[in-house]
2 protein chains.
Amino acid sequence: MRASAICCSLDPVALDALSRLGRKIHVLAGQTLVWEGDESILVGNVLAGMLKLSTVTGDGREQIVGIVYPSDFIGRPFGRDSHHSVTALTDASLCVFGRSAFDRFAHEHGEVEHALLARTLVELDRARHWMLLLGRKSACERVASLILEMSARLNAEQEIALPLSRQQMADVLGLTIETVSRSLTKLKHAGIISLPGTRRLTIDAPDKLKRIADG
Amino acid sequence: MRASAICCSLDPVALDALSRLGRKIHVLAGQTLVWEGDESILVGNVLAGMLKLSTVTGDGREQIVGIVYPSDFIGRPFGRDSHHSVTALTDASLCVFGRSAFDRFAHEHGEVEHALLARTLVELDRARHWMLLLGRKSACERVASLILEMSARLNAEQEIALPLSRQQMADVLGLTIETVSRSLTKLKHAGIISLPGTRRLTIDAPDKLKRIADG
DNA sequence: CTGAAGGTTTGACCTCGGTCAAGGACCCGT
DNA sequence: ACGGGTCCTTGACCGAGGTCAAACCTTCAG
């Protein structure tokens, strides 16, 4: 928890006060911490594991709007309610705070607000970049982009242990499971990637992959 | 400028200091203030008019990733470079600051960072909500959603003076101009909207429009 | 009034990706 | 090893939306 980015700019006294506000929790893969539309009660940092942020249409179509990696922040400070669900993709542990208590604390500690602002701006850039993918890219381009994004965020060299199922990949990319599968085999047959197992992937031609990913 | 939200929480002395940092500029419809990939030099508030934020793929497909209304903030504080272009949709006037000067000022005035954080969080919610539209909604649902969003943000009752051309609507929605046009006529024939002119639109059945918009 | 230039609508056709359905591969407990 | 989940892949087919092309408006200059 001390290593998490929100706290790292605090002096010892403030850090102590903050740690008194928070508590460590564990969730199992598949558990949902926050439901879309619920009141925003929890915020916090991810210590280990990965989570997804998702929304659904009235008739149940799902879109994953963000993937949360260790040290990322979750929850919606300074807002009445949450606009998306937060669900664990893997077993995860987090350091969470009551939203209103955290809001008060952040308001009194400019460093926290600054760190949060920096983070939120990065997230906004990422979300907008993803809008280009969802609005304009073909299925193959989307899959290629996702592979590159994951390899970057997991700082995996070449071999990636996929953190997402095919269904989850489809939900991030705005595609169906079948199209994801077909795009992967297409990239495989082109000699750009290999799939040693269903959850393992190696990038054989990074340059070609990049060229496909951004048109 | 005094009415713009970033400044409104400042005391008179700080406000004076801030106003000394900024200057008022005017841009014509079509002019681009910031180019994607350029160094982030400008930030500021929109006083009047509307602008778009956009990105393009390697081969030139465009996606509008945000529409900026009066009193909204533009630019990327605390970051080396801009991830999207900023282009005026209409003639517009802005109050702009040098990015590094603004960064320094914001860092010293917690109220500014707080206001910016609140705004950025709202933008992030909006962007993620739009990802659902781009990833999962049909053409008609997208067009219906856009009409409702615009009527809300322009707080127009029923009759909307469309701020976007068909091409721009297509670029926000991740569609082509033809599909936008076809969806509009479909909604018109269903008696949900009417189109008294190419840039005028009235909502005749708001409830039906809402039901279409969110599946 | 006329004609040229944008933007918009409409139609005909085609393609990419969705849908439906049938295998495969893998994991796990017995 | 066996059977029954679950997840993944592959194939055949279909349809929403893209593409291409033509016709329609506006607007504005001459």
Side-chain angles (χ1 to χ4, degrees), chain A residues 28-30 52 57 59-63 89-91 133-147 160-190 193-201 212 215, chain B residues 28-30 52 57 59-64 89-90 133-147 160-190 193-201 212 215:
Chain A
L28 300 175
K52 67 172 182 179
T57 59
D59 60 351
R61 285 165 281 170
E62 174 171 348
Q63 175 68 41
L89 292 171
T90 64
D91 294 356
L133 178 146
L134 293 173
R136 293 301 183 201
K137 291 192 185 175
S138 73
C140 256
E141 291 168 354
R142 293 184 200 202
V143 171
S145 302
L146 178 61
I147 294 171
I160 306 175
L162 294 177
L164 302 179
S165 71
R166 296 291 187 271
Q167 181 61 62
Q168 287 158 353
M169 292 176 73
D171 289 339
V172 190
L173 296 174
L175 298 170
T176 59
I177 193 174
E178 294 94 332
T179 304
V180 171
S181 186
R182 274 189 262 265
S183 304
L184 282 170
T185 58
K186 204 152 136 192
L187 291 172
K188 186 176 71 180
H189 289 147
I193 60 169
S194 13
L195 298 161
T198 177
R199 285 282 188 129
R200 309 199 63 71
L201 184 153
I212 291 178
Chain B
L28 299 174
K52 68 172 181 178
T57 59
D59 60 351
R61 285 165 281 170
E62 174 171 346
Q63 176 68 40
I64 295 181
L89 292 171
T90 65
L133 178 145
L134 292 173
R136 292 302 183 199
K137 290 192 185 175
S138 73
C140 257
E141 292 167 353
R142 293 184 200 202
V143 171
S145 302
L146 178 61
I147 293 172
I160 306 174
L162 295 177
L164 302 179
S165 70
R166 296 291 186 272
Q167 181 62 62
Q168 288 158 353
M169 293 176 72
D171 288 340
V172 191
L173 296 174
L175 298 170
T176 59
I177 194 174
E178 294 94 331
T179 304
V180 171
S181 187
R182 276 188 261 265
S183 303
L184 283 170
T185 57
K186 204 152 136 192
L187 291 172
K188 186 176 70 179
H189 289 148
I193 61 169
S194 13
L195 297 161
T198 177
R199 285 284 186 128
R200 308 199 63 72
L201 184 154
I212 291 178

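We name chains A, B, ... by the order of the sequence lines, and we start the count at 1 in each one. All values reported here derive from a predicted model rather than from experimental measurement.
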Item to check | Sequence-distant partners of A:Arg136, salt bridge (charged side-chain N to carboxylate O under 4.0 Å, His left out), two or more places apart | outcome: B:Asp171

Item to check | Residues forming a side-chain hydrogen bond (donor to acceptor under 3.5 Å, both in side chains) with B:Ser181, sequence neighbours excluded | outcome: none

Item to check | For A:Arg199, all residues meeting salt bridge (charged side-chain N to carboxylate O under 4.0 Å, His left out), sequence neighbours excluded | outcome: none

Checklist entry - Where along residues 138-147 of chain A does a heavy atom fall under 4.0 Å from DNA chain C? => result A:Ser138, A:Ala139

Next on the checklist: Quick check on DNA chain D: between A:Thr185 and B:Val180, whose nearest nucleotide comes earlier from the 5' end?
Outcome noted: A:Thr185

Checklist outcome for this item: Interatomic distance, CD@B:Gln63 vs NZ@A:Lys137, rounded to 0.5 Å, equals 11.5 Å

Next on the checklist: Restricting to side chain to side chain contact (heavy atoms under 4.5 Å, CB included), what partner residues turn up for B:Glu178, sequence neighbours left out?
Outcome noted: B:Thr176, B:Arg182

Checklist entry - What is the distance from atom OG1 of B:Thr179 to atom NZ of B:Lys186, rounded to the nearest 0.5 Å? => result 10.0 Å

Checklist outcome for this item: Under a 4.0 Å heavy-atom criterion, DNA chain C is touched by chain B from C:dT8 to C:dA12

Next on the checklist: Let's see if you get this right: which residues in residues 164-175 of chain A place a heavy atom under 4.0 Å from DNA chain C?
Outcome noted: A:Gly174, A:Leu175

Checklist entry - Excluding sequence neighbours, so at least two apart, what forms side-chain hydrogen bond (donor to acceptor under 3.5 Å, both in side chains) with A:Ser183? => result none

Item to check | Nearest heavy atoms of B:Ile212 and B:Ala144, plus distance in Å | outcome: CG2-CB, 3.9 Å

Item to check | Side-chain touch B:Ile177/B:Met169, heavy atoms, less than 4.5 angstrom | outcome: no

Checklist outcome for this item: Contacts of B:Thr198 meeting side chain to side chain contact (heavy atoms under 4.5 Å, CB included) (sequence neighbours excluded), chain-then-number -> B:Arg166

Next on the checklist: Going by the rule side chain to side chain contact (heavy atoms under 4.5 Å, CB included), which residues pair with B:Thr90 if we only count those two or more places apart in sequence or in a different chain?
Outcome noted: B:Met50

Next on the checklist: Can you give me the first and the last nucleotide of DNA chain D (5' to 3') that has an atom within less than 4.0 angstrom of a non-hydrogen atom in chain A?
Outcome noted: D:dC8 to D:dA12

Item to check | Pairwise distance CG(A:Leu162) to CZ(A:Arg200) - rounded to 0.5 angstrom | outcome: 8.5 Å

Checklist entry - Pick the nucleotide of DNA chain C nearest each of B:His189 and A:Glu178; which residue has the one closer to the 5' end? => result B:His189

Checklist outcome for this item: Rounded to the nearest 0.5 Å, the CG atom of A:Leu173 sits from the CD atom of A:Gln168 at a distance of 11.5 Å

Checklist entry - What's the spacing between B:Ile193 CD1 and B:Leu187 CG if we round to 0.5 Å? => result 5.0 Å

Checklist entry - Using rotation axes that map the C1' atoms of four end pairs onto the next four (five pairs an end), what angle separates the end axes of the helix from C:dC1-D:dG30 to C:dT30-D:dA1, to 10°? => result 30°

Item to check | Criterion side chain to side chain contact (heavy atoms under 4.5 Å, CB included) on A:Leu201 and A:Leu184, from CA distance to verdict | outcome: CA-CA 10 Å; A:Leu201 184 153; A:Leu184 282 170; 4.2 Å; yes

